[in-house]
Engineer: 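Just passing along the structure, written as structure tokens.
In listed order, ligands and their atoms are each counted from 1.
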Amino acid sequence: MEYSKLVDVYEQLNKTTKRLEKTHIIAEFLKEISIDDMEHVILLLEGRIFPNYDAREIGVASRLMLKSLGIAIGIGIDKIEKEWKKQGDLGLVAELLVKTKKQATLHSTKLTTKKVFENLRKLAEIEGEGTVERKTQLIAELLTSAKPVESKYIVKTILGEMRIGVGEGAMRDAIVWAFFGNKIGIKYAREMNDIEVEDREVYNKYADAVQSAYDVTNEFALVAKAAKSKGLDALENIGMKVGIPIQVMLALKVDTIEEAFETVGKPAAIEFKYDGFRIQAHKGEKGGIRLFTRRLEDVTKQFPDVVEYIKKHVKGKSFIIDSEAVGYDKKTGRYLPFQNISQRIKRKYDIDRMSNDFPVEVNVFDIINFEGKSMINEEFEKRRKLLEKIVKQEPKKIVVSKIKIVSEKKDVEKFFKEAVNAGNEGLMFKSLNSPYKPGARVGYMIKFKHMMETLDLVIVGAEWGEGKRARWLSSYTVACLDENDDFLEVGKVSTGLKEKEEEGLSFMEMTRLLKPLIISEKGKEVKIKPKIIIEVGYEEIQKSPTYESGLALRFPRVISQRIDKGPHEASTLDYVKKLYAGQKKS
Ligand code: AMP
């Protein structure tokens, strides 16, 4: 493909900020790219020459670019620098200067996307003696054949400053529109503020297939190629490759054990939730090991210790495993919070000293691929069994995450205490028969960090609602007891109650309970005789000048009515203070 064609698309994309319009431009362009050009053109379109998980860099900074521009255009560096100060963007400078120069010597060779891509890749490979000269040469070679507007984008791509706003979502949708548009019955609405889709369900099927293919390959180039050449089937069978990271499965969050069981079912697996950082470890057929973070950064070099553990302690010729690396105190052996080891992730030098000073234990909790076979559609229980078979555990080096299969709340509570006492953040709940879903925050895996100590509080005030809640008292001022048995406000709670009576404790029922207890009304606010006591959950207790108690609940919500308790059995201020202090320690 001629480079000018791609540049034309860059220009169009730069002219709009509307996501749908951008998507449309990309979709139309994708249809034109031949299968052979697909991989490199899509990378260039994204403003890069390596996929996002690939740590290689072009390695050209502004100074080197100035030098190359000087050689290509044949003017002094100070002149270019002056122009740079004026324009603030080297891409624009290149465009302007090449324009002036081109009037004198018109070049006729046409640049292709392939040529640009190849030269840029070569830039990344050059090392050692004469690096600067050879890099300058390669850039200059491109710029001498480039039209002014082409030089602008060559310079921007090299410097990593494309910023044309082609995000992941736009790219995914563009692939769907381009290659499945006719199957979906898609219409572009005028003004590009909306698109019309005849059948959302069918649309979602294709969008999910594209997303899933991306989640295991992390390269839209591969996804688009599969979609264009072989359609849906190819997407569904695109398969992961050992050595190339896949998007990790993410966890949902719940606040209560009941909610967790509701989502993952009973019995469920519960595991320690380690406070470290995620490592996806790949071992290839040839024995090479690569480590990636949750954001797909390659951290193999930073963790030679982890590479070693995986090499020595995990059986199998090739695999991908999911784990959490946790720092621990060398003297006491206790787990340390994430901050203590976070510095290892970005570290480029003194690696051995770092691994000695800040050791980590690898806690393996899942397996994604084994001996060339994807494991993501296998049930959790089966994946876990395999893990237990292949990991030779050695504490303080590599172990399988601590697990229990439970159905009872009391067993969860016990395990939670054990987890927290050992320095962990809480627990993870896992559904026994679920697959591994890359890139998704689904209910197969749930985090449960705080065992909330709820409070029993008295309603001392309320407020009439608005809109459809106008007939209800829908926000309640709640109070605890001080040592003189007086009520002290600690917050206002308006969530947790149901809109419909049949769903549980409702606003309507609460209004019925509170109405006879109204002492006075002012505007929407009412004072209530302290009689009704409710159990209240929250995220956190904070200091507050607003309330008499000096404390306030963050994100409070009603859990239930304590019909079994009278107002003078409410939680005491002392107790709230204790919880506040406990929270600060953890
Ligand atoms: P969060 O970072 O709070 O969203 O919690 C999810 C993270 O917990 C995962 O991405 C993992 O890095 C980490 N984690 C710690 N222990 C486990 C475990 N046993 N199973 C799965 N994830 C875990």
Engineer: Quick one: look at K449 and ligand 1, take heavy-atom pairs under 4.0 Å, and tell me if it's side chain, backbone, both or neither.
Structural biologist: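 K449 to ligand 1: side-chain contact only, backbone stays beyond 4.0 Å.
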Engineer: Check each of K447, K430, R441 against atom 21 (C) of ligand 1 and report the one with the nearest heavy atom.
Structural biologist: K430
Engineer: Any idea how F429 and F261 line up, ring-wise: parallel (<30°), tilted (30 to 60°), or perpendicular (>60°)?
Structural biologist: perpendicular
Engineer: Can an N or O of M428 be found at a distance shorter than 3.5 Å from an N or O of ligand 1?
Structural biologist: no
Engineer: Specify whether F448 and F416 have parallel, tilted or perpendicular ring planes, treating 30° as the upper limit for parallel and 60° as the lower limit for perpendicular.
Structural biologist: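 If you compare the ring of F448 with that of F416, the planes turn out perpendicular.
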Engineer: N424 side chain to G426 main-chain N or O, any donor-acceptor pair under 3.5 Å?
Structural biologist: no
Engineer: Considering only heavy atoms, does F365 approach ligand 1 within less than 4.0 Å through its side chain, its backbone, both, or neither?
Structural biologist: side chain
Engineer: Where is the nearest protein heavy atom to atom 16 (N) of ligand 1: which residue, which atom, and how far?
Structural biologist: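 Nearest neighbour among protein heavy atoms for atom 16 (N) of ligand 1, to 0.1 Å: Y274 N, 3.1 Å.
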Engineer: Under a 3.5 Å cutoff, is there a donor and acceptor pairing between the side chains of Y203 and W177?
Structural biologist: yes
Engineer: Of the side chain and backbone of R294, name the one, both, or neither that has a heavy atom under 4.0 Å from an atom of ligand 1.
Structural biologist: side chain
Engineer: Taking 4.0 angstrom as the limit and counting only heavy atoms of R278, give me the atoms of ligand 1 inside it, by number and element.
Structural biologist: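 The atoms of ligand 1 under 4.0 Å from a heavy atom of R278 are 9 (C), 10 (O), 11 (C), 12 (O).
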Engineer: Does F277 approach ligand 1 within less than 4.0 angstrom via side chain, backbone, both or neither, non-hydrogen atoms only?
Structural biologist: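 Within the 4.0 Å criterion, F277 makes no contact with ligand 1.
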Engineer: Is a side-chain donor or acceptor of E324 paired with a backbone partner of G276 at a separation under 3.5 angstrom?
Structural biologist: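 Yes.
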Engineer: Taking heavy atoms and a distance under 4.0 Å, where does K273 meet ligand 1: side chain, backbone, both or neither?
Structural biologist: both
Engineer: Mind listing the side-chain donor-acceptor pairs of residues 232-250 below 3.5 Å, one per line with the distance, residues two or more places apart or on another chain?
Structural biologist:
{"unit_1": "N237", "atom_1": "ND2", "unit_2": "D233", "atom_2": "O", "d": "3.1"}
{"unit_1": "Q247", "atom_1": "NE2", "unit_2": "N218", "atom_2": "OD1", "d": "2.7"}

Engineer: Would you mind running through ligand 1 and noting each atom that sits below 4.0 Å from a heavy atom of E324?
Structural biologist: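 Numbered from 1, ligand 1 contributes 11 (C), 12 (O), 13 (C), 14 (N), 15 (C).
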Engineer: As an exercise, identify every atom of ligand 1 less than 4.0 angstrom from a heavy atom of E271.
Structural biologist: 18 (C), 19 (N), 20 (N)
Engineer: Measure the acute angle between the ring planes of F277 and F303, then classify it against the limits of 30° and 60° as parallel, tilted or perpendicular.
Structural biologist: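 Correct class here is tilted.
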Engineer: In terms of the angle between their ring planes, are Y53 and F292 parallel, tilted or perpendicular, with boundaries placed at 30° and 60°?
Structural biologist: perpendicular
